[in-house]
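To start, the structure itself, in structure tokens.
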There are 2 protein chains.
Amino acid sequence: MSTVRSDITGSLEDYLETIYRILGRSSVARVRDIAEEMQVNPASVTPAMKRLSAKQLIKYSKRNYIELTEKGLFIARRTMTRHNLLSRFLTEVLGISREQAECDACAMEHFLSESSMERLAAFFEFLAASPELQALIDTGFGNCPEGKEELELLPLTDLEPGSSRRIARINAGQKIRGQLIDSGFIQGAIITLTRPGGTDLPFIVDLDGYDQELPGEIAECVLLHPVQEQTGEDDYEK
Amino acid sequence: MSTVRSDITGSLEDYLETIYRILGRSSVARVRDIAEEMQVNPASVTPAMKRLSAKQLIKYSKRNYIELTEKGLFIARRTMTRHNLLSRFLTEVLGISREQAECDACAMEHFLSESSMERLAAFFEFLAASPELQALIDTGFGNCPEGKEELELLPLTDLEPGSSRRIARINAGQKIRGQLIDSGFIQGAIITLTRPGGTDLPFIVDLDGYDQELPGEIAECVLLHPVQEQTGEDDYEK
DNA sequence: TCTATTTGTTAGATTTGTCTAACAGAAATA
DNA sequence: TATTTCTGTTAGACAAATCTAACAAATAGA
Ligand SMILES: [Mn+2]
Ligand SMILES: [Mn+2]
Ligand SMILES: [Mn+2]
Ligand SMILES: [Mn+2]
């Protein structure tokens, strides 16, 4: 009892979670059901059950139904709770599709620490208790939130060489936006203009200590906060 | 170029990310540096470099400095961007400590899909553009957010047998709160009171299709939304 | 230049997690 | 009851990721 520190791999947590889910609907859990639910070969389930059994997380004897022990039930529930918290965050807050959210959540759930889990739960409590926040998020933030200081934002192309700004947002379609984000152009990152470009000459900027080239038409999608920043190392907290 | 679909394990992504980080500060990357940065034995680095090299993600020849290829650089940057997004969410929004956030983020980063990544980036843009939201979050939500409808919340102990409610929040100290959350008692989950308890008799509630026992003093920490819910399966969207 | 230290690689082992193919036991059906 | 089908296990293979111990190459120091 007491501190049931997991000490168990993500895969085994998934097996426990699956067993828990199956037992939640159909009084018994069989190798077959588990294999089907997890999209895995039944021959992979047997050794997994042996590993779980060795760790005293399930009651398992050859060719018999599988039951969770007290410890196994605890881990199964906790894993599922993490799954639900992450999945809800992805769907309800970020607006990701159900399927994608399930997939991301089930992969990330194994790495959310106890404290992060607790805070994420608190976040939902806060959200539910604060209608104004709920409303803000429910509107769904598009690619271009209509901030009031919109006019003050500075396109990267207008930045003076050598000066540093924080990125405010990326104003571009799906594809270019995706490319820029992949490359690290996210809100809050600090950019220094190393060399301005032109119609044919790409801009060179410093981001995370790496120089990156940006063609003019892409650079103008990067909108910066108007306030000049210190040229310190990449450092997100003020 | 085009779609550089990762097709690479989390461990290899970490190696790329580490190489990227090292090259950001010290012109060359050696096996030694990588091993040190990743807290791993140098003998583990060599085979990893071979795997990366086979996948054309680094330029590597025995006993030589390691360089990222175009593809490797792309994945490294994207991994680091995910890392930063998650880390910032954990610290800036949830209020997790730096170290814990780094740890969680570096583990989860490998499983955040392209779309979730894009939406998380949009979330930060939205946050930066909306001072009221920023302010709400900056206050830091404690364990007990002061909602206005506080008085209307119903302790689990006052619920009528057989009726169902959504959990609004858990009103308890660290320890009990943690236990309840681990067991799935999070905001939005639907609870049905199966059997009311008393001073010595634990309450029995249905949550996720499983019956759970709760001693009275724990049950009264579970505060419910006042509106009655359908007794459907666990189903988070209305 | 010769030796000592640092750095990197190899060999060999281990754990985890997956697969296919073959087999064995149980249940259903004829 | 005999046979077929379903279900579960085993055997054997493989890839990834790590380790320790031993060795080899390169560099630095004397
Ligand atoms: Mn999972
Ligand atoms: Mn899951
Ligand atoms: Mn990582
Ligand atoms: Mn990372």
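Lettering follows sequence order; numbering is per chain, from 1.
- Minimum interatomic distance between A/Ser183 and A/Leu207 (heavy atoms only, all atoms of both residues): O-CD2, 3.6 Å.
- A residue-by-residue look at B/Val40 and B/Lys55 shows that B/Lys55 has its nearest nucleotide of DNA chain D further toward the 5' end.
- One interatomic measurement links the two molecules: CG of A/Leu52 to P of C/dT16, which rounds to 11 Å at whole-angstrom precision.
- Listed candidates were C/dG17, C/dT18, C/dT20. Nearest to the side chain of A/Asn41 is C/dT20.
- Nucleic acid contact class of B/Ser44 (heavy atoms, under 4.0 Å, all strands): base.
- Between B/Phe111 and A/Phe111, a ring centre-to-centre spacing shorter than 6.0 Å is recorded.
- Listed by residue number, there are no residues of residues 10-18 of chain A with a heavy-atom contact under 4.0 Å to DNA chain D.
- Nearest heavy-atom pair across B/Asn84 and A/Ile186 is CB-CD1, 4.4 Å.
- By the 6.0 Å and 45° rule, B/Arg195 does not stack over the aromatic ring of B/Phe203.
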Do any N or O atoms of the protein come closer than 3.5 Å to N or O atoms of nucleotides 6-8 of chain C, and which pairs are they?
| from | atom 1 | to | atom 2 | distance (Å) |
| --- | --- | --- | --- | --- |
| C/dT7 | OP2 | B/Arg32 | NH1 | 2.5 |
| C/dG8 | OP2 | B/Arg32 | N | 2.6 |

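- Every side-chain contact (heavy atoms from CB on, under 4.5 Å) that A/Asp138 has, sequence neighbours left out, goes to A/Gln134.
- The two atoms that bring B/Ile22 and B/Val28 nearest to each other are CG2-O, 3.6 Å, heavy atoms only.
- One finds no side-chain N or O of A/Arg51 lying less than 4.0 angstrom from the OP1 or OP2 phosphate oxygen of C/dT16.
- A salt bridge links B/Glu114 and B/Arg82; the closest N-O separation between the charged side-chain nitrogens and carboxylate oxygens is under 4.0 Å.
- Taking the charged nitrogens against the carboxylate oxygens, B/Arg25 and B/Glu37 do have a contact shorter than 4.0 Å, which makes a salt bridge.
- For the pair A/Asp7 CG and C/dT16 C1', the computed distance is 14 Å after rounding to whole Å.
- Protein chain A touches strand DNA chain D; the 5'-most and 3'-most nucleotides with an atom under 4.0 angstrom of its non-hydrogen atoms are D/dT7 to D/dT10.
- For the pair B/Arg177 and A/Glu125, the salt-bridge criterion is met [side-chain N within less than 4.0 Å of a carboxylate O].
- The ring-ring contact (aromatic ring centres under 6.0 Å, His included) pairs that include a residue from residues 12-31 of chain B are A/Tyr210-B/Tyr20, where partners are two or more places apart or lie in different chains.
- The side-chain contact (heavy atoms from CB on, under 4.5 Å) test applied to A/Asn64 returns A/Ser61, not counting sequence neighbours.
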